Asks: 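Have a look at this one.
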Amino acid sequence: MLSPEFAADPYSAYAAFREQAPLFYHEVMQSYVLSRYVDVERTFKDPVFTTANYDWQLEPVHGKTILQLSGREHSVRRALVAPAFRGSELQEKFLPVIEKNSAELIDRFRAAGSADLVTQFANRFPVGVIVDMLGLDKADHDRFQRWYTSIIAFLGNLSGDEQVTADGLRTKEEFAAYMIPVVRARRDALGDDLLSTLVSAEIDGETMSDEDVKAFCSLLLAAGGETTDKAIASMFALLLQHPEQLEAVRADRSLIAPAFAETLRFRPPVHMIMRQPAEDVEIAGGVIPAGSTVTALIGSANRDPERYKNPDAFDIFRDDLTASSAFSAAADHLAFALGRHFCVGALLAKSEVEVAANQLLDAFPDLRFADGFVPVEKGVFTRGPAELRVAFTPA
């Protein structure tokens, strides 16, 4: 799993795992690996699989986050942050922020006739949205971009590269030094932004500490940036590779949501999530000891032929994936996880992708791959096109 061959094509390896070794122990990662849909789904839904692994996986770079919490502590923290990511608050307060960020990026290259949609759009768009949602200084965007890149490298450092670890730990200190004073200042002068919502939110007399807010912002920057970034790039790469589906989406924009849902199934941005069982667990024909690390392979589960018909085909019209529930805890793909730790930002991601897709399709009616360009996926922990070179009539 840490070989160049796996990185080049994990999907054929996933098929072998599902068929021959649905549970195995990976010595280098020191982790039990699960690959079938039914087993990965269980790791997300069954309370015996805890998020205690985040104590060493996430806390060193983020601080203690909502992902590590359980029981009432988790439910209260989630209730404090969740309203900003759904319903009227998302639509009324933050949709204009999303639309503005997308339009500004498109305006930078719409007259050029060509672009790399990864470096010029997808990499920058979700981070810009988060910076604006939090009410932070847009002039610091490049600094946030660097921090986000460093955090993601730390989280995906499966081989234990010491330099990547050191960069991630330094980023935590730099981000805290930047963010804590901003959090304190915002408490004294609330505004109409997400950071103000976080510092003032209260349930049953409980509020978030400065450290809680900082850790959540760090998590939001990494999780909200990396996933949406790769999802947008993957969706457009796949649509451009399937011109008949692209034309269907261009003609009927209500198909953007099914196209996004199918992208999340077919090429999820996050290919693996770790869990830690609180007790010995019988699963996939074996036993995982209590306290072990479990790697749940989302990228494999979403291609399981026991769950999906013709799973290695990209098909936005498939009838075994429900777009209407694809961005809720009732989703029948696993890209956002499931259960009590279902991604709190799923609807934000949906809004970002819908805005980006609509604006890109409106701006570039003849969007196509640049001559000779073939998209290549990169990454193991997170995965998406390394670049996406396109051509179009300059506007």
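The model shown is predicted, which means the values in this text are computed figures rather than measured ones.
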Asks: If I take atom NZ from residue Lys350 and atom CZ from residue Phe327, how far apart are they, to the nearest 0.5 angstrom?
Replies: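 So the NZ of Lys350 and the CZ of Phe327 are separated by 6.0 Å.
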Asks: Tell me which pairs pass side chain to side chain donor-acceptor pair (under 3.5 Å) where either residue lies in residues 294-307, with sequence neighbours left out.
Replies: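 Found Arg18-Ser300, Ser31-Thr295, Arg303-Asp312.
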Asks: Compute the ring centroids of Phe44 and Phe49, then answer whether they are less than 6.0 Å apart.
Replies: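 No, ring centres 6.0 Å or more apart.
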Asks: Which pairs with one or both residues in residues 277-296 pass salt bridge (charged side-chain N to carboxylate O under 4.0 Å, His left out), sequence neighbours excluded?
Replies: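 Those involving residues 277-296 do not exist here.
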Asks: Hey, what do you get for CG (Asp371) to CZ (Arg389), rounding to the nearest 0.5 Å?
Replies: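 It is 13.0 Å, given to the nearest 0.5 Å.
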Asks: Quick one: salt bridge (charged side-chain N to carboxylate O under 4.0 Å, His left out) pairs with a partner in residues 190-201, sequence neighbours left out?
Replies: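 Applying salt bridge (charged side-chain N to carboxylate O under 4.0 Å, His left out) to every pair that reaches into residues 190-201, excluding sequence neighbours, yields Lys93-Asp192, Arg186-Asp193.
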Asks: Is the shortest side-chain heavy-atom distance between Asn101 and Val97 below 4.5 Å?
Replies: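 Yes. Closest side-chain heavy atoms under 4.5 Å.
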Asks: Check Ser292 against Pro277 and note the closest heavy-atom contact, atom names and distance.
Replies: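 Closest pair (atom of Ser292, atom of Pro277, distance): O-CD, 3.1 Å.
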Asks: For a quick test of reading the model, state the closest non-hydrogen atom pair linking Ala335 to Leu264 and the distance between them.
Replies: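 Where Ala335 meets Leu264 most closely, the heavy atoms are CB-O, 3.6 Å.
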Asks: With Glu262, which residues qualify under salt bridge (Lys or Arg N to Asp or Glu O under 4.0 Å), at least two apart?
Replies: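 Partners of Glu262 under the salt bridge (Lys or Arg N to Asp or Glu O under 4.0 Å) test: Arg265, Arg318.
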Asks: Between Arg383 (side chain) and Gly379 (backbone), is there a donor-acceptor pair under 3.5 Å?
Replies: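 The answer is yes, because a donor-acceptor pair under 3.5 Å joins these two groups.
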Asks: With hydrophobic residues grouped by side-chain heavy-atom distances under 4.5 Å, do Phe216 and Leu190 end up in a single group?
Replies: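 Linked, Phe216 and Leu190 end up in one cluster.
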Asks: For residues Ala248 and Phe317, report the shortest heavy-atom separation together with the two atoms involved.
Replies: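 Smallest heavy-atom distance, with atoms named: CB-CZ, 3.8 Å.
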Asks: According to side chain to side chain donor-acceptor pair (under 3.5 Å), who are the partners of Asp167, at least two apart in sequence or on a separate chain?
Replies: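 With sequence neighbours excluded, Asp167 shows a side chain to side chain donor-acceptor pair (under 3.5 Å) to Gln163, Arg170, given in chain and number order.
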Asks: With distance as the sole test, does His26 use its side chain to make a donor-acceptor pair with the main-chain N or O of Val33 at under 3.5 Å?
Replies: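 Not confirmed, His26 side chain does not pair with Val33 backbone.
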Asks: Compare every heavy atom of Gln241 with every heavy atom of Pro375, then report the nearest pair and how far apart it is.
Replies: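 Looking at all heavy atoms of both residues, the closest pair is CG-NE2, 3.6 Å.
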Asks: So, using side chain to side chain donor-acceptor pair (under 3.5 Å) as the criterion, who are the partners of Asp137 when residues are at least two apart?
Replies: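 Per chain and number, Asp137 pairs via side chain to side chain donor-acceptor pair (under 3.5 Å) with no residue.
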Asks: Counting distance only, does the side-chain N/O of Ser234 pair as donor-acceptor with the main-chain N or O of Ala231 below 3.5 Å?
Replies: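 Such a contact is absent between Ser234 side chain and Ala231 backbone.
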Asks: Decide yes or no for Phe121 and Asp116: does some side-chain heavy atom of the first lie under 4.5 Å from some side-chain heavy atom of the second?
Replies: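 In short, these two side chains do not touch, never coming nearer than 4.5 Å.
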Asks: Flag yes if Val376 and Leu240 sit in one hydrophobic cluster, no otherwise; membership is Ile, Leu, Val, Met, Phe, Trp, Tyr, and two members link when side-chain heavy atoms are under 4.5 Å apart.
Replies: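 No, Val376 does not connect to Leu240 through the hydrophobic network.
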Asks: Mind jotting down which residue pairs meet the salt bridge (charged side-chain N to carboxylate O under 4.0 Å, His left out) criterion with at least one end in residues 285-299? Sequence neighbours excluded, please.
Replies: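 Sorted pair list comes back empty.
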Asks: Excluding sequence neighbours, so at least two apart, what forms salt bridge (Lys or Arg N to Asp or Glu O under 4.0 Å) with Asp132?
Replies: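 Salt bridge (Lys or Arg N to Asp or Glu O under 4.0 Å) list for Asp132, sorted by chain: Lys138.
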Asks: What is the minimum heavy-atom distance between Ala176 and Pro181, and which atoms define it?
Replies: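 That would be O-CD, 4.0 Å.
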Asks: Would you mind listing every salt bridge (charged side-chain N to carboxylate O under 4.0 Å, His left out) that reaches into residues 145-160, with sequence neighbours excluded?
Replies: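 For residues 145-160, and leaving out neighbouring residues, the salt bridge (charged side-chain N to carboxylate O under 4.0 Å, His left out) pairs sorted by first residue read Arg146-Glu174.
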Asks: Under the side chain to side chain donor-acceptor pair (under 3.5 Å) rule, what do Asn53 and Thr293 come out as? Steps first, then yes or no, please.
Replies: CA-CA 7 Å; Asn53 54 290; Thr293 300; over 6 Å; no
Asks: Is the shortest heavy-atom distance from the side chain of Phe154 to the side chain of Thr171 under 4.5 Å?
Replies: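 A side-chain contact is absent here, since even the closest heavy-atom pair is not under 4.5 Å.
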Asks: Taking the basic N atoms (NZ, or NE/NH1/NH2) and the acidic carboxylate oxygens, is any pair closer than 4.0 Å for Arg110 and Asp107?
Replies: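 Answer for the salt bridge query: yes.
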Asks: Do Phe336 and Val270 have side chains that approach each other closer than 4.5 Å (heavy atoms only, starting at C-beta)?
Replies: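 They are not in contact (no side-chain heavy atoms under 4.5 Å apart), so the answer is no.
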Asks: Who passes ring-ring contact (aromatic ring centres under 6.0 Å, His included) against Phe364, sequence neighbours left out?
Replies: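 Testing Phe364 for ring-ring contact (aromatic ring centres under 6.0 Å, His included), a comparison that skips the adjacent residues, returns Phe109, Phe392.
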Asks: Are any side-chain N or O atoms of Gln245 and backbone N or O atoms of Ile316, one a donor and one an acceptor, separated by less than 3.5 Å?
Replies: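 Yes.
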Asks: Quick one: are Val199 and Asp210 in side-chain contact, heavy atoms under 4.5 Å?
Replies: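 They are not in side-chain contact.
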Asks: Under 3.5 Å, side chain of Asp46 to main-chain N/O of Arg42, donor-acceptor pair present?
Replies: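 No, the answer is negative, given that no donor and acceptor are paired below the 3.5 Å cut-off.
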Asks: Can a side-chain donor-acceptor contact be found between His271 and Tyr14 if the only test is distance below 3.5 angstrom?
Replies: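 Indeed, the side chains of Tyr14 and His271 share at least one donor-acceptor pair under 3.5 Å.
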Asks: With sequence neighbours excluded, tell me which residues meet side chain to side chain donor-acceptor pair (under 3.5 Å) with Arg250.
Replies: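 None.
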Asks: Hey, any chance Ile151 and Val164 share a hydrophobic cluster, counting ILVMFWY side chains that come within less than 4.5 Å of each other, even indirectly?
Replies: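 Looking at the clustering, Val164 is in a separate group from Ile151.
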Asks: Salt bridge or not for Lys45 and Glu41, using N-O below 4.0 Å?
Replies: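 Between Glu41 and Lys45 there is a salt bridge, with a charged N closer than 4.0 Å to a carboxylate O.
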Asks: Is the side chain of Thr322 donor-acceptor paired with the backbone N or O of Ser324 at a distance under 3.5 Å, no angle test?
Replies: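 Such a contact is absent between Thr322 side chain and Ser324 backbone.
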Asks: Minimum heavy-atom separation for Ile98 to Glu352, with atom names?
Replies: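 Ile98 and Glu352 have their closest heavy atoms at CG2-CA, 3.8 Å.
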Asks: Count the heavy atoms of every other residue, nucleotide or ligand shown that sit under 6.0 Å from CG of Asp252, and state whether that count exceeds 12.
Replies: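 More than 12 heavy atoms, drawn from other residues, nucleotides or ligands, come within 6.0 Å of this atom.
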Asks: Let's go through Thr50 and Gln276 carefully: what are the C-alpha distance in whole Å and the side-chain angles of both, what is the deciding distance for side chain to side chain donor-acceptor pair (under 3.5 Å) to 0.1 Å, and is it a yes or a no?
Replies: CA-CA 5 Å; Thr50 74; Gln276 182 174 308; 5.0 Å; no
Asks: Check whether Ser351 reaches the backbone of Leu347 with its side chain - one donor and one acceptor, N or O, closer than 3.5 Å.
Replies: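 Flag set: sc Ser351 to bb Leu347 pair under 3.5 Å.
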Asks: At what distance, to the nearest 0.5 angstrom, does CD1 of Ile130 lie from CG of Leu136?
Replies: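 Between atom CD1 of Ile130 and atom CG of Leu136 there are 10.5 Å.
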Asks: Any side-chain heavy-atom pair from Met272 and Met1 closer than 4.5 angstrom?
Replies: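 Contact flag for Met272/Met1 side chains = yes.
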Asks: Identify, with sequence neighbours excluded, every residue that meets ring-ring contact (aromatic ring centres under 6.0 Å, His included) alongside Phe175.
Replies: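 ring-ring contact (aromatic ring centres under 6.0 Å, His included) list for Phe175, sorted by chain: Trp147.
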Asks: Could you tell me if Ser102 and Gln359 have a donor-acceptor pair between their side chains, going purely by distance under 3.5 Å?
Replies: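 Side chains of Gln359 and Ser102: pair found under 3.5 Å.
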Asks: Please report the interatomic distance CG(Asp39) to CG(Leu23), rounded to the nearest 0.5 Å.
Replies: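 Reported to 0.5 Å precision, the distance equals 8.0 Å.
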Asks: Step by step, would you call Arg124 with Asp229 a salt bridge (charged side-chain N to carboxylate O under 4.0 Å, His left out)?
Replies: CA-CA 8 Å; Arg124 305 189 70 80; Asp229 161 358; over 6 Å; no
Asks: So Phe373 and Phe369, would you call those rings parallel, tilted or perpendicular, with 30° and 60° as cut-offs?
Replies: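 If you compare the ring of Phe373 with that of Phe369, the planes turn out tilted.
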Asks: When you measure from the side chain of Arg368 to the backbone of Asp366, do you find a donor-acceptor pair of N or O atoms at a distance under 3.5 Å?
Replies: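 Such a contact is found between Arg368 side chain and Asp366 backbone.
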Asks: Between His242 and Glu244, is any pair of side-chain heavy atoms under 4.5 Å apart?
Replies: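 Result yes, sub-4.5 Å side-chain heavy-atom pair found.
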Asks: Got a second to check how far Leu117's CG is from Ile106's CD1, nearest 0.5 Å?
Replies: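 Nearest 0.5 Å value for the CG-CD1 distance: 9.0 Å.
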Asks: For Leu321, is there any backbone N or O sitting under 3.5 Å from a side-chain donor or acceptor partner on Asp332?
Replies: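 No: the side chain of Asp332 does not pair with the backbone of Leu321.
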Asks: Would you mind reporting whether Arg184 and Met179 have side-chain heavy atoms less than 4.5 Å apart?
Replies: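 Met179 vs Arg184: side chains apart.
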Asks: Check whether any side-chain N or O of Ser3 sits under 3.5 Å from a backbone N or O of Phe6 as a donor-acceptor pair, and report yes or no.
Replies: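 Side chain of Ser3 to backbone of Phe6, a donor-acceptor pair under 3.5 Å: yes, one is there.
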